[in-house]
Amino acid sequence: MSLLEDQNVEKTIDDFTKSDADKSVGEFKEELRKIFNELHVPHSKSNQVIDKYFSTVQELTQNVQNVVPSHDSDSNAKISLDMKNAGLLFSMARIGDVIAEWKRFQKKQDEIFEPRDSFIRLLDDLFFRKTMHVDDLNELHATTESDEKLDVRDLSSGEKQMLILLGESLLQRGKKCIYIADEPELSLHVDWQEKLIPSLLELNPSTQIVFATHSPDIVGRFGDNVIDMESLVQ
């Protein structure tokens with residue numbers, strides 16, 4: 001649909017005559033490489049096409065002043081461009097629109113995946129000498145400091161426990177929930193026990209957490225919210 005919209009050729013030419021034209025071309029090249037990379041276009045192919053295209057564009061940038069009518073000239077003056085240069089002007093305008101739309105798409109995508117990214121970031125902060133990532137098939141994997149790839153089934157019992165506990169919070173999608181767990185401290189390192197509740201609340205601030213635990217490290221700074229069950233049993 002956007003290809004059917006009218007284009008202002010004079011405005012496009014004016015854009016080319018700005019002093020920062022080379023900078024704009026450089027930014028376009030960088031953004032296009034990001035787009036091609038995201039779409040898994042081989043670098044050997046995309047870089048060659050991009051470099052050739054913008055080499056031609058820069059030639060037009062250097063010569064375009066010769067076809068821009070002066071503001072002091074006859075108001076009926078016409079811009080004379082051959083088909084190649086006119087096509088470049090239109091394609092540059094279109095590329096700019098595509099890049100702007102891509103940036104809007106990326107921003108929206110970042111908003112959508114922010115909970116998942118927070119989940120991964122929390123795991124990376126908690127796990128020792130491992131980083132977590134999600135592959136193109138949306139499957140979770142771990143990578144060690146020695147660059148060894150691990151399936152989640154190969155993680156330690158404590159790492160699996162933390163993965164499950166935080167994963168349940170992630171699946172709440174920020175909705176108001178009651179999170180109930182019995183002895184969540186099992187297999188967890190003391191440091192992880194201290195960070196468990198803050199991590200869950202970071203993933204979903206709207207959740208109410210109810211834990212049955214023997215661990216003072218789980219309770220931590222939430223002591224005012226503790227119910228001593230033994231004191232209630234007569």
Side-chain angles (χ1 to χ4, degrees), residues 1-70 77-121 123-124 130-152:
M1 291 291 289
S2 64
L3 290 173
L4 302 178
E5 296 176 355
D6 293 335
Q7 294 293 316
N8 188 328
V9 178
E10 291 188 35
K11 180 179 183 299
T12 307
I13 291 178
D14 287 341
D15 290 340
F16 267 81
T17 63
K18 292 179 181 178
S19 60
D20 62 346
D22 289 339
K23 179 181 178 183
S24 297
V25 168
E27 290 176 352
F28 273 26
K29 291 174 70 173
E30 181 181 354
E31 292 298 328
L32 282 177
R33 286 194 171 99
K34 290 179 182 178
I35 293 174
F36 281 123
N37 184 62
E38 187 76 14
L39 298 175
H40 304 291
V41 178
H43 292 177
S44 58
K45 180 178 180 180
S46 61
N47 287 341
Q48 181 180 5
V49 172
I50 290 172
D51 290 338
K52 181 179 180 180
Y53 174 83
F54 282 103
S55 175
T56 306
V57 168
Q58 287 176 316
E59 291 180 12
L60 175 60
T61 304
Q62 296 170 359
N63 300 321
V64 74
Q65 290 280 8
N66 297 327
V67 298
V68 178
S70 169
K78 301 294 184 181
I79 298 175
S80 177
L81 291 173
D82 60 28
M83 290 297 293
K84 177 181 178 181
N85 289 341
L88 278 174
L89 290 174
F90 280 114
S91 64
M92 276 293 289
R94 190 60 58 207
I95 288 172
D97 291 342
V98 169
I99 290 175
E101 183 64 25
W102 182 265
K103 287 182 177 179
R104 288 191 290 270
F105 163 77
Q106 290 292 329
K107 182 178 179 181
K108 184 63 177 177
Q109 180 175 263
D110 290 343
E111 292 174 357
I112 292 172
F113 287 108
E114 195 280 329
R116 185 201 69 180
D117 294 340
S118 295
F119 172 70
I120 298 295
R121 185 171 59 253
L123 291 177
D124 287 345
K130 293 186 183 74
T131 56
M132 306 299 296
H133 60 90
V134 178
D135 63 20
D136 293 338
L137 298 178
N138 210 33
E139 295 181 351
L140 189 64
H141 297 276
T143 303
T144 66
E145 286 185 334
S146 58
D147 205 32
E148 179 185 0
K149 307 298 181 183
L150 297 177
D151 188 87
V152 291

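Quick note: numbers below take in every heavy atom, side chains included, and nothing from hydrogens, waters or symmetry partners.
- Taken to the nearest 0.5 Å, the CD1 atom of Ile95 stands 12.0 Å off from the NZ atom of Lys29.
- Nearest heavy-atom pair, Leu123 versus Met132, reported as atom, atom and distance to 0.1 Å: CB-CG, 3.8 Å.
- Between Arg94 and Asp97, at least one side-chain nitrogen of the basic residue sits less than 4.0 Å from a carboxylate oxygen of the acidic one, meeting the salt-bridge criterion.
- Applying the 6.0 Å contact sphere to CD of Gln48 captures no more than 12 heavy atoms from other residues, nucleotides or ligands.
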Exercise for the section: Just do the side chain to side chain contact (heavy atoms under 4.5 Å, CB included) check on Val49 and Phe36 with the steps written out, would you? Expected result: CA-CA 11 Å; Val49 172; Phe36 281 123; 5.9 Å; no
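- Looking at Ser118, its side chain does come within 3.5 Å of a backbone N or O of Glu114 through a donor-acceptor pair.
- Taking CZ of Phe28 as the reference point, atom CD1 of Ile35 lies at 10.0 Å (rounded to 0.5 Å).
- Residue Glu111 holds its CD atom at 12.0 Å from CD of Gln106, rounded to the nearest 0.5 Å.
- Here the NE2-CG distance, from His141 to Asp151, works out to 6.0 Å after rounding to the nearest 0.5 Å.
- Phe54 places a side-chain heavy atom less than 4.5 Å from the side chain of Leu32.
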Exercise for the section: Apply side chain to side chain contact (heavy atoms under 4.5 Å, CB included) to Val134 and Phe113, showing your working. Expected result: CA-CA 11 Å; Val134 178; Phe113 287 108; over 6 Å; no
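- Looking at heavy atoms from C-beta onward, Asn138 lies in side-chain contact with Arg116 at the 4.5 angstrom threshold.
- No salt bridge links Glu30 with Arg33; every basic N to acidic carboxylate O contact stays at or beyond 4.0 Å.
- Atoms NZ and OG1, on Lys149 and Thr144 in that order, are 8.5 Å from each other to the nearest 0.5 Å.
- With rounding to the nearest 0.5 angstrom, the NE2 atom of His40 is 4.5 Å from the CG atom of Asp136.
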